[in-house]
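In what follows, a structure is listed as structure tokens, so that the remarks can point back to it.
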Amino acid sequence: HVLLWYGVYRSRAVRVILLREPTARAHDLALITTDHTSTPEQIVARYAARWAIETTFEDAKQTTGVGEAHNRTPTAVTRTVPFGLLTHSLVTIWYTHHGHHPRDVTDRRSAAPWYTTKTEPAYHDMITKLRRTLIASRFRGGRPDQPTPTETLAIAAAWAEAAA
């Protein structure tokens, strides 16, 4: 359907495509676009392709804090959002390589029973696990495979003597 949406687009005509879930009407979705030439299938495909990008922006804003900085200098303003998005990426990469455990989703469903269909961890789950890991590392002793401070100083002294 083509219509006018005065509050948002004023007098610009928009197109509404309604997606209906045959078994659950609660999952109906209305897509609104100013594109009057693409087919409904193309618009739905574009929406689906864009979904991961939109959820990344929402997670970066709501969870990581991108956009909450109170910067004033032009340099700080231009650096803050890219740095926040980089941080978002680093959290995701850390979780993928070091934080993921198959039990994570099961544990989250147990803690939040409304997530009955949850099959993958959300970004919030990833950053929460990273925060907990960082906090725990402050209270944990050194790892056995890492030298003690005394050993590190002895090695540094030996290297200094060898270089002299």
Side-chain angles (χ1 to χ4, degrees), residues 5-10 12 14-21 23-35 38 40-149 152:
W5 188 353
Y6 292 104
V8 176
Y9 291 103
R10 306 203 190 274
R12 188 173 182 186
V14 295
R15 189 169 162 205
V16 177
I17 297 170
L18 183 62
L19 302 173
R20 291 219 136 134
E21 181 74 33
T23 58
R25 303 241 350 186
H27 296 285
D28 289 352
L29 177 66
L31 300 179
I32 300 166
T33 181
T34 55
D35 180 354
S38 297
E41 291 80 10
Q42 290 171 323
I43 293 170
V44 170
R46 191 178 311 137
Y47 174 82
R50 180 99 185 141
W51 184 251
I53 296 167
E54 294 299 331
T55 57
T56 296
F57 287 150
E58 180 181 1
D59 289 339
K61 287 178 184 177
Q62 299 299 322
T63 307
T64 309
V66 171
E68 290 183 16
H70 299 279
N71 299 330
R72 296 186 183 193
T73 64
T75 307
V77 170
T78 59
R79 290 179 181 166
T80 301
V81 172
F83 182 77
L85 291 171
L86 173 67
T87 303
H88 183 278
S89 297
L90 290 173
V91 169
T92 304
I93 292 167
W94 171 84
Y95 183 82
T96 302
H97 289 281
H98 304 287
H100 175 71
H101 190 280
R103 193 180 63 231
D104 289 347
V105 173
T106 306
D107 292 347
R108 180 75 163 133
R109 275 194 303 231
S110 297
W114 51 89
Y115 283 126
T116 57
T117 59
K118 188 175 187 69
T119 58
E120 296 179 19
Y123 176 73
H124 183 76
D125 302 328
M126 295 176 198
I127 198 167
T128 299
K129 190 163 190 180
L130 176 58
R131 287 173 179 157
R132 289 178 178 163
T133 301
L134 291 171
I135 291 167
S137 71
R138 292 180 185 169
F139 299 103
R140 219 181 286 155
R143 294 187 343 215
D145 59 333
Q146 290 182 335
T148 65
T152 302

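- Atom CG of L29 is separated from atom CG of L18 by 8.0 Å, given to the nearest 0.5 angstrom.
- A pairwise comparison of heavy atoms in R108 and D125 identifies NE-OD1, 2.7 Å as the closest pair.
- Paired with V14 under the rule side-chain contact (heavy atoms from CB on, under 4.5 Å), one option of I32, T33, D35 passes, and it is I32.
- Of all non-hydrogen atoms in R15 and P40, the two that sit nearest each other are NH2-CD, 3.6 Å.
- With hydrogens and angles ignored, the 3.5 Å screen pairs a side-chain donor or acceptor of T78 with a backbone N or O of T75.
- Smallest separation of non-hydrogen atoms from A69 and T80: CB-CG2, 3.5 Å.
- Here CD of Q62 is found 7.5 Å from CD of E68. Values are rounded to the nearest 0.5 Å.
- Distance NE2/H97 to OG1/T92: 10.5 Å, rounded to 0.5 Å.
- Looking at heavy atoms from C-beta onward, I43 lies out of side-chain contact with Y47 at the 4.5 angstrom threshold.
- Within the model, atoms NE2 of H100 and CE of M126 stand 9.0 Å from one another, a figure rounded to the nearest 0.5 Å.
- Using modelled atom types, no side-chain atom of D107 and backbone atom of D104 make a donor-acceptor pair closer than 3.5 Å.
- Side chains of R46 and S38: a donor-acceptor N/O pair is present below 3.5 angstrom, by distance only.
- Contact annotation: the side chain of F57 approaches that of L85 to within less than 4.5 Å [non-hydrogen atoms, C-beta and beyond].
- The number of heavy atoms from other shown groups lying within 6.0 Å of CD (E120) does not exceed 12.
- Within the model, atoms OG1 of T106 and NE2 of H101 stand 10.0 Å from one another, a figure rounded to the nearest 0.5 Å.
- Considering OG1 of T64 and NE2 of H124, their distance stands at 11.0 Å, rounded to 0.5 Å.
- Ring geometry, Y123 versus H88: the interplanar angle falls under 30°, so the pair is classed parallel (tilted spans 30 to 60°).
- Annotation for K129 and Y95: closest pair CD-CE1, 3.9 Å, computed over non-hydrogen atoms.
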